[in-house]
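Take a look at the structure set out below.
First listed ligand is number 1; within each ligand, the first listed atom is number 1.
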Amino acid sequence: MIRFDVITIFPEIFDSYFKESILSQAVKKRLIKINIHNLRDYAKGRHQTVDDRPFGGGIGMVLKVEPIFKTVAALKKKSKAKVILFTPRGKKFNQKMAHRFSKLDQLIMISGRYEGVDERVAKYIADEKVSIGDFVLMGGELPAMMVIETVSRLIPKVIGKPRLLKERVTKEKGFLEFPQYTRPEIFSPKGKIKWKVPEVLLSGHHKKIEEWRKKHTKIIEK
Ligand code: SAM
């Protein structure tokens, strides 16, 4: 069973998301474990300070190295554990990386905030720096949710329909993603306009349907 640990200063952000989704079922079935940790619990002092001003000047605050060091040290439990730091300067997250992470026993994720995280975290604590795209978010909480969801889909039995995964996965390459339609066959939003489902999908002709899907497939590489 893979265990996800997220380190954040805004743990409540995760509450409704993990409660609502298919992931809560996976947790109940003990296929995955998700633990959200408040960085402030590991900070010193009455005010539990987790951030400070940047050396060299500049606006904003930076998350301190010490509480992050303490949190990671307290959490690292499994032998096949990896620590990742979210930053837009990291290696871009993709399906291949998700496959690699799905083989781990434990994935510890550090979600930054404000102007980022003391660079010593990237240098000495994190095994990898991960970005979810070439844009800048306000925090690493959404990246953590994205990684947890993508990796969890790859854990056997998390998705309730094993046939679905089997149909969509090619051993060598990765996921086959193609367009899908459902009823009605014709949708007319403004009376005259007709938005139709491609005829071949209604034909019941399996070979032709397969060809159509192949033509419109994007392979999300492993
Ligand atoms: N200056 C920081 C840096 O270079 O890492 C970025 C600060 S950003 C405003 C605040 C936090 O959001 C980051 O520490 C990171 O955890 C998260 N973040 C923002 N954009 C991200 C992205 N594209 N991928 C992953 N994490 C991101």
Tell me the nearest of L63, L137, L85, T87 to atom 20 (N) of ligand 1, using heavy-atom distances.
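Nearest heavy atom to atom 20 (N) of ligand 1 lies in L137.
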
Return yes when atom [atom1] of [X] has more than 12 non-hydrogen atoms of other residues, nucleotides or ligands closer than 6.0 Å, and no otherwise.
X: F69; atom1: CZ; value: no
X: R120; atom1: CZ; value: no
X: F135; atom1: CZ; value: yes

Protein heavy atom at shortest distance from [atom]:
atom: atom 27 (C) of ligand 1; result: P88 CD, 3.8 Å
atom: atom 13 (C) of ligand 1; result: F86 O, 3.9 Å
atom: atom 24 (N) of ligand 1; result: I132 N, 3.0 Å
atom: atom 23 (N) of ligand 1; result: F135 O, 2.8 Å
atom: atom 2 (C) of ligand 1; result: E115 O, 3.4 Å
atom: atom 4 (O) of ligand 1; result: R89 NE, 2.8 Å
atom: atom 14 (O) of ligand 1; result: G112 CA, 3.4 Å

What atoms of ligand 1 come within less than 4.0 Å of a heavy atom belonging to [X]?
X: G140; result: 12 (O), 16 (O), 17 (C)
X: V130; result: 25 (C)
X: V136; result: 8 (S), 9 (C), 20 (N)
X: P143; result: 25 (C), 26 (N)

Any heavy atom of Y114 closer to ligand 1 than 4.0 angstrom?
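In this structure, Y114 qualifies as a contact of ligand 1 - some heavy atom is under 4.0 Å.
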
Distance, nearest 0.5 Å, that separates CG of L107 from CZ of R3
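Atom-to-atom, L107:CG and R3:CZ are 11.5 Å apart.
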
Please confirm whether the backbone N or O of P67 pairs with a side-chain atom of T71, one donor and one acceptor, at under 3.5 Å?
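Pair found, side chain donor or acceptor close to backbone of P67.
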
K91 backbone acceptor or donor facing S131 side chain under 3.5 Å
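Not a single qualifying donor-acceptor pair exists.
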
Using 30° and 60° as the class limits, which term best fits the ring planes of F10 and Y114: parallel, tilted or perpendicular?
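The arrangement is perpendicular - the two ring planes meet at more than 60°.
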
Flag the pair F93 / F101 as yes when at least one side-chain heavy-atom distance between them is below 4.5 Å, and no otherwise.
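Yes - at least one pair of side-chain heavy atoms lies under 4.5 Å apart.
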
Side chains of E221 and N94, donor plus acceptor under 3.5 Å
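Result is no, nothing qualifies.
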
Region of I110 that comes within reach of ligand 1 [heavy atoms, distance under 4.0 Å]
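The answer is neither.
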
Part of S131 within contact of ligand 1 (heavy atoms, under 4.0 Å)
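Under 4.0 Å from ligand 1, S131 contributes backbone and side-chain atoms.
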
Partner of H99 under side-chain contact (heavy atoms from CB on, under 4.5 Å), chosen from K96, Q95, M97:
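Only one option passes, and that is Q95.
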
